[in-house]
Chemist: 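Below is a structure I'd like to ask you about.
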Amino acid sequence: QVQLVESGGGLVQAGGSLRLSCVASGRTFNIYAMNWFRQAPGKEREFVARIFWSGMSTHYADSVKGRFTISRDNAKNTVYLQMNGLKPEDTAVYYCNSNKSWGQGTQVTVSS
């Protein structure tokens with residue numbers, strides 16, 4: 001079991017930036033990849049970004065390509081999501097995920 005804790009959410013104006021962090025603990029040696037998802041109230045949870053633990057290969061949802069960057073620091077068991085050029089439609093609770101484990105989520109709110 002891997003425990004995940006997200007941080008870095010907050011309120012930002014459109015066009016601004018935020019950097020989310022997700023710290024993993026527990027059985028981290030089993031990590032194959034880490035992901036970010038997001039969910040707005042009344043909407044389905046959607047995939048945002050993915051990074052493999054043993055390399056820098058990444059995948060992004062079309063809606064965030066060119067604006068968001070996922071990265072990781074294996075020594076710190078941490079994955080990051082750098083979000084630039086934020087839009088109101090990015091408003092959601094952002095969740096970290098790996099190997100069927102989920103964090104509690106961190107709220108991102110983008111005002112116009």
Side-chain angles (χ1 to χ4, degrees):
Q1 179 71 29
V2 175
Q3 292 79 49
L4 304 171
V5 179
E6 304 98 331
S7 63
L11 175 64
V12 65
Q13 296 184 48
S17 299
L18 284 173
R19 189 193 193 199
L20 306 183
S21 298
C22 174
V23 179
S25 61
R27 307 186 73 81
T28 57
F29 58 86
N30 285 329
I31 294 176
Y32 173 69
M34 296 185 75
N35 313 280
W36 286 99
F37 286 77
R38 67 186 183 186
Q39 186 170 26
K43 298 183 179 180
E44 297 180 0
R45 186 171 297 186
E46 65 174 340
F47 169 80
V48 175
R50 182 187 192 187
I51 188 169
F52 291 95
W53 203 242
S54 61
M56 297 303 295
S57 180
T58 59
H59 301 277
Y60 297 93
D62 288 342
S63 60
V64 306
K65 285 182 179 177
R67 299 189 297 121
F68 291 10
T69 302
I70 188 171
S71 61
R72 51 92 176 137
D73 185 336
N74 297 57
K76 297 181 179 180
N77 293 323
T78 302
V79 64
Y80 306 95
L81 185 67
Q82 179 67 46
M83 306 185 295
N84 299 326
L86 284 163
K87 305 174 180 179
E89 50 263 45
D90 295 319
T91 296
V93 177
Y94 284 70
Y95 297 92
C96 183
N97 157 258
S98 182
N99 299 104
K100 301 185 183 299
S101 296
W102 293 85
Q104 81 292 335
T106 185
Q107 177 71 49
V108 172
T109 302
V110 184
S111 62
S112 60

Chemist: Using distance only, find each side-chain donor-acceptor pair of residues 7-17 under 3.5 Å and give its atom names and separation, not counting sequence neighbours.
Modeler:
| residue | atom | partner | partner atom | Å |
| --- | --- | --- | --- | --- |
| S17 | OG | N84 | OD1 | 2.9 |

Chemist: I'd like to check the salt bridge (charged side-chain N to carboxylate O under 4.0 Å, His left out) partners of K65; sequence neighbours left out, ordered by chain and number.
Modeler: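 With neighbours one apart ignored, the set is D62.
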
Chemist: With no hydrogens and no angle check, is any side-chain donor or acceptor of N99 less than 3.5 Å from a backbone partner on S101?
Modeler: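 No, the answer is negative, given that no donor and acceptor are paired below the 3.5 Å cut-off.
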
Chemist: Under the rule for side chain to side chain contact (heavy atoms under 4.5 Å, CB included), what residues qualify as partners of V23, not counting sequence neighbours?
Modeler: T78

Chemist: I'd like to check the salt bridge (charged side-chain N to carboxylate O under 4.0 Å, His left out) partners of R19; sequence neighbours left out, ordered by chain and number.
Modeler: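 So R19 forms no salt bridge (charged side-chain N to carboxylate O under 4.0 Å, His left out) with any residue.
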
Chemist: Restricting to pairs with a member in residues 5-39, which pass ring pair (Phe, Tyr, Trp, His ring centres under 6.0 Å), not counting sequence neighbours?
Modeler: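 Passing the test, one end in residues 5-39: Y32-F52, F37-F47, F37-W102.
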
Chemist: Per the ring pair (Phe, Tyr, Trp, His ring centres under 6.0 Å) rule, what does the pair list look like for residues 64-91, sequence neighbours excluded?
Modeler: none

Chemist: Whether the side chain of R50 engages the backbone of H59 through a donor-acceptor N/O pair (distance < 3.5 Å, no angle test) should be reported.
Modeler: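 No.
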
Chemist: Grab the two heavy atoms, one from D90 and one from R38, that are nearest each other, plus how far apart they are.
Modeler: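 That would be OD1-NH1, 2.9 Å.
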
Chemist: Write down the atom of V79, the atom of C96, and the distance for their closest heavy-atom approach.
Modeler: CG1-SG, 3.8 Å

Chemist: Please check if the side chain of Q104 supplies one atom and the backbone of E6 the other of a donor-acceptor pair under 3.5 Å.
Modeler: yes

Chemist: Determine whether a donor-acceptor pair (N or O, by modelled atom type, separation under 3.5 Å) exists between the side chain of N74 and the backbone of W53.
Modeler: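 Yes.
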
